[in-house]
**Student:** 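Below is one structure. I have some questions about it.
Quantities reported herein were computed from a predicted structural model and do not represent experimental measurements. Just so it is clear: chains get the letters A, B, ... in the order the sequence lines come, proteins before strands, and each one is counted from 1. In what follows, every heavy atom counts, from backbone to side chain, and hydrogens, waters and symmetry copies are set aside.
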Protein chains: 2
Amino acid sequence: MATGRTHRPATRSRGIPEATVARLPLYLRALTALSERSVPTVSSEELAAAAGVNSAKLRKDFSYLGSYGTRGVGYDVEYLVYQISRELGLTQDWPVVIVGIGNLGAALANYGGFASRGFRVAALIDADPAMAGKPVAGIPVQHSDDLEKIIQDNGVSIGVIATPAGAAQAVCDRLVAAGVTSILNFAPTVLSVPDGVDVRKVDLSIELQILAFHEQRKAGEEAAAADGGVPAAAARGESADQGPDGDMPAVMPA
Amino acid sequence: MATGRTHRPATRSRGIPEATVARLPLYLRALTALSERSVPTVSSEELAAAAGVNSAKLRKDFSYLGSYGTRGVGYDVEYLVYQISRELGLTQDWPVVIVGIGNLGAALANYGGFASRGFRVAALIDADPAMAGKPVAGIPVQHSDDLEKIIQDNGVSIGVIATPAGAAQAVCDRLVAAGVTSILNFAPTVLSVPDGVDVRKVDLSIELQILAFHEQRKAGEEAAAADGGVPAAAARGESADQGPDGDMPAVMPA
DNA sequence: CCATCTTTGTGCACGCGTTCACAAAGACAT
DNA sequence: ATGTCTTTGTGAACGCGTGCACAAAGATGG
């Protein structure tokens with residue numbers, strides 16, 4: 001999950017729940033795949049399976065957009081692709097800038113999933129003068145001194161931050177000051193932005209940590225099941241000599 | 001958000017809500033930063049601000065772990081770092097493999113956030129024979145023929161998929177067959193896995209699409225406000241000659 | 001030892017999201 | 001035209017997550 005928007009209590013956009021909006025890209029991807037195979041119509045059941053959700057949820061999601069299905073038949077694939085694209089705003093061109101052209105920034109610049117959905121990489125920006133002019137993904141990297149000018153000349157409203165954590169807030173401030181109102185943040189920091197600016201974050205290591213949590217739990221349960229014993233307390237860490245709930249800290253509190 | 005696990009209805013792990021688990025890495029990051037600055041204690045209010053959440057939520061989250069705070073004082077930073085790390089399973093070593101060493105895979109291999117949290121990149125795997133032996137982030141890439149052996153030799157239980165979408169399911173199946181029980185998927189596909197295997201996905205373009213949705217809505221509201229008119233229906237698409245709700249499709253349904 | 005002040009931990013209420021289950025709508029065959 | 005069958009769209013119930021607001025706990029000062 002990536003949250004962090006400016007918490008919009010009233011005005012739930014046209015009545016479409018946030019959770020539904022977050023799933024629309026999923027449906028769109030599945031529909032695009034069907035479209036490429038020239039499948040004319042699809043039922044909620046089939047599409048739900050392809051998108052990895054439950055069919056009731058999918059139908060309710062679509063009901064927020066309107067009645068675009070035909071009872072007894074299903075949904076017209078092309079029609080739905082258009083409707084969802086329009087709802088998401090993908091029928092227009094969105095110029096984006098990527099700031100911070102390290103490994104991740106370069107990967108993002110090369111990522112095909114952007115261009116195919118109306119996102120156009122308008123510029124790549126990096127603070128390292130040695131990078132300036134060097135082409136990445138066919139686009140010459142520009143120096144961050146020109147950030148404001150680049151934003152304004154290209155009418156950019158969406159910025160992607162892929163800098164180290166330390167530089168992220170400063171870059172964010174400059175982007176916002178230059179007119180950017182949506183930010184996708186890959187740096188592991190909490191960005192503070194004024195009202196009216198949306199921030200979404202993607203943290204690569206957070207997802208891994210969540211997996212580790214469940215993985216550990218699985219291992220614990222397994223061991224407990226083998227012992228035929230209590231839920232899951234032992235066989236969790238590596239040092240076994242801990243309290244009844246494994247509470248002994250490495251560093252005691254004051 | 002990244003969902004897609006095998007839906008665990010009963011056994012909500014030790015009673016810790018999923019939403020809380022997803023925030024623990026956030027707290028941990030903020031606490032680690034405090035620890036590096038040698039801050040001894042922190043109040044829920046301060047820590048919440050640093051993590052970008054509300055303080056009541058943070059206190060409730062911590063209450064699921066136990067009573068680790070001191071009223072009138074706050075939380076002991078080092079102690080809390082340890083407790084959260086232990087809860088997330090980061091006190092043990094997690095060998096991971098990254099499959100698909102393109103731009104993204106290389107970025108992941110170089111990403112510092114893994115190593116600093118108990119994740120060790122045990123191997124890099126790619127299907128391209130030309131990549132074999134080539135070092136990325138100091139680790140020689142191995143060919144995917146040896147995938148099963150690599151998994152077993154290193155006791156890997158967490159796999160990262162950074163291949164093209166078309167190859168993802170096949171790689172996933174092989175990882176699972178070889179013993180991997182947690183998968184972080186960067187490929188834009190829905191993976192199907194047997195029960196007991198957790199999948200989390202990160203889709204770079206989904207987040208951008210969600211931003212576009214809000215961006216479009218902002219633009220629409222702005223225009224409507226300027227017109228002094230109805231909510232947001234006009235000024236959305238580019239072609240203005242549409243129905244009362246902008247419903248005319250580019251492709252009519254059958 | 002007592003009073004005051006700070007901050008945690010949590011009971012409670014509310015709202016959002018999910019799921020069930022079914023009526024309504026339409027396709028299709030006869 | 002009528003009946004059957006499929007599939008949508010949605011009302012209603014439920015459960016989870018969030019945020020408020022406050023009592024309990026402990027620190028601190030006199």
Side-chain angles (χ1 to χ4, degrees), chain A residues 1 3-5 7-24 26-27 31 39-77 79-80 83 253-254, chain B residues 1 3-5 7-24 26-27 31 39-77 79-80 83 210 247 253-254:
Chain A
M1 171 191 48
T3 29
R5 78 239 138 246
H7 201 64
R8 188 176 6 277
T11 340
R12 212 178 53 189
S13 14
R14 225 268 216 84
I16 301 183
E18 195 59 32
T20 295
V21 172
R23 279 188 295 266
L24 290 181
L26 239 55
Y27 302 144
L31 284 164
V39 177
T41 62
V42 65
S43 72
S44 63
E45 203 70 52
E46 293 164 332
L47 183 54
V53 302
N54 134 348
S55 70
K57 194 186 293 186
L58 177 142
R59 287 199 300 279
K60 179 142 291 197
D61 283 342
F62 286 175
S63 79
Y64 291 117
L65 308 184
S67 284
Y68 295 152
T70 306
R71 293 171 195 237
V73 175
Y75 299 91
D76 183 278
V77 173
Y79 184 54
L80 208 45
Q83 287 298 343
Chain B
M1 173 189 52
T3 30
R5 78 241 137 242
H7 202 65
R8 185 177 7 276
T11 339
R12 212 178 53 188
S13 13
R14 226 266 215 84
I16 301 183
E18 195 59 31
T20 295
V21 173
R23 278 188 296 268
L24 290 182
L26 238 56
Y27 301 144
L31 284 164
V39 177
T41 62
V42 66
S43 72
S44 63
E45 203 70 52
E46 294 164 332
L47 183 54
V53 302
N54 134 346
S55 70
K57 194 186 294 186
L58 177 141
R59 287 198 301 276
K60 181 147 292 195
D61 283 342
F62 286 174
S63 79
Y64 291 117
L65 308 184
S67 284
Y68 295 153
T70 306
R71 294 171 192 234
V73 176
Y75 300 91
D76 183 278
V77 172
Y79 184 54
L80 208 44
Q83 288 298 342
I210 297 172
D247 275 337

**Student:** Going by heavy atoms closer than 4.0 Å, what residues in residues 39-53 of chain B are next to DNA chain D?
**Tutor:**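 Heavy-atom contacts with DNA chain D come from no residue of residues 39-53 of chain B; none.
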**Student:** Where along nucleotides 24-30 of chain D does protein come under 4.0 Å, by heavy atom, of base (B) or sugar-phosphate alone (S), with - for untouched nucleotides?
**Tutor:** BB-S---
**Student:** In whole angstroms, how far is the P atom of dC16(C) from the CG atom of Asp61(A)?
**Tutor:**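 Atom CG in Asp61(A) sits about 16 Å away from atom P in dC16(C).
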**Student:** Under the side chain to side chain contact (heavy atoms under 4.5 Å, CB included) rule, collect the residues that match up with Ala50(B), sequence neighbours excluded.
**Tutor:**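 Once residues adjacent in sequence are excluded, the partners of Ala50(B) under the side chain to side chain contact (heavy atoms under 4.5 Å, CB included) criterion are Ala30(B).
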**Student:** Does the side chain of Tyr75(A) get closer than 4.0 angstrom to OP1 or OP2 of dG9(D) through an N or O atom?
**Tutor:**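 Answer yes for this pair, as a side-chain N or O of Tyr75(A) is under 4.0 Å from OP1 or OP2.
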**Student:** Holding to side chain to side chain donor-acceptor pair (under 3.5 Å), I want the full list of residues that pass it with Thr70(B), two or more places apart in sequence or in another chain.
**Tutor:**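 Thr70(B) satisfies side chain to side chain donor-acceptor pair (under 3.5 Å) with no other residue.
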**Student:** I need the OH-P distance between Tyr27(B) and dT8(C), as an integer number of Å.
**Tutor:**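 Tyr27(B) atom OH is separated from dT8(C) atom P by 13 Å.
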**Student:** Is there any salt bridge (Lys or Arg N to Asp or Glu O under 4.0 Å) pair reaching into residues 42-57 of chain B, and which pairs are they, with sequence neighbours excluded?
**Tutor:**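 Counting only pairs at least two positions apart or across chains, no salt bridge (Lys or Arg N to Asp or Glu O under 4.0 Å) contact touches residues 42-57 of chain B.
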**Student:** Quick one: side chain to side chain contact (heavy atoms under 4.5 Å, CB included) partners of Ala49(B), sequence neighbours excluded?
**Tutor:**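 Here no residue qualifies.
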**Student:** Among all residues two or more places apart in sequence or in another chain, which pass the side chain to side chain contact (heavy atoms under 4.5 Å, CB included) test with Ser63(A)?
**Tutor:**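 Side chain to side chain contact (heavy atoms under 4.5 Å, CB included) list for Ser63(A), sorted by chain: Lys60(A).
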**Student:** Taking ring pair (Phe, Tyr, Trp, His ring centres under 6.0 Å) as the test, write out the residues that go with Tyr27(A), two or more places apart.
**Tutor:**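 In terms of ring pair (Phe, Tyr, Trp, His ring centres under 6.0 Å), with neighbours along the sequence ignored, Tyr27(A) is linked to Phe62(A).
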**Student:** Take atom OH of Tyr64(A) and atom P of dC16(C), then tell me their distance rounded to the nearest Å.
**Tutor:**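 Whole-Å distance recorded here is 10 Å.
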**Student:** Please write out each protein N/O paired with an N/O of nucleotides 20-22 of chain D under 3.5 Å, distance rounded to 0.1 Å.
**Tutor:**
| from | atom 1 | to | atom 2 | distance (Å) |
| --- | --- | --- | --- | --- |
| dA21(D) | N6 | Arg59(B) | NH2 | 3.3 |

**Student:** Provide, to the nearest angstrom, the distance between the CG atom belonging to Leu24(A) and the P atom belonging to dG17(C).
**Tutor:**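 Atom-to-atom, Leu24(A) to dG17(C), this comes out as 13 Å.
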**Student:** How would you list, by chain and number, every residue that makes a side chain to side chain donor-acceptor pair (under 3.5 Å) with Thr41(B), sequence neighbours excluded?
**Tutor:**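 Counting only residues at least two positions away or on another chain, Thr41(B) forms no side chain to side chain donor-acceptor pair (under 3.5 Å).
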**Student:** Tell me: CG of Leu58(A) to P of dT18(C), nearest whole Å?
**Tutor:**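 Value for this atom pair: 12 Å.
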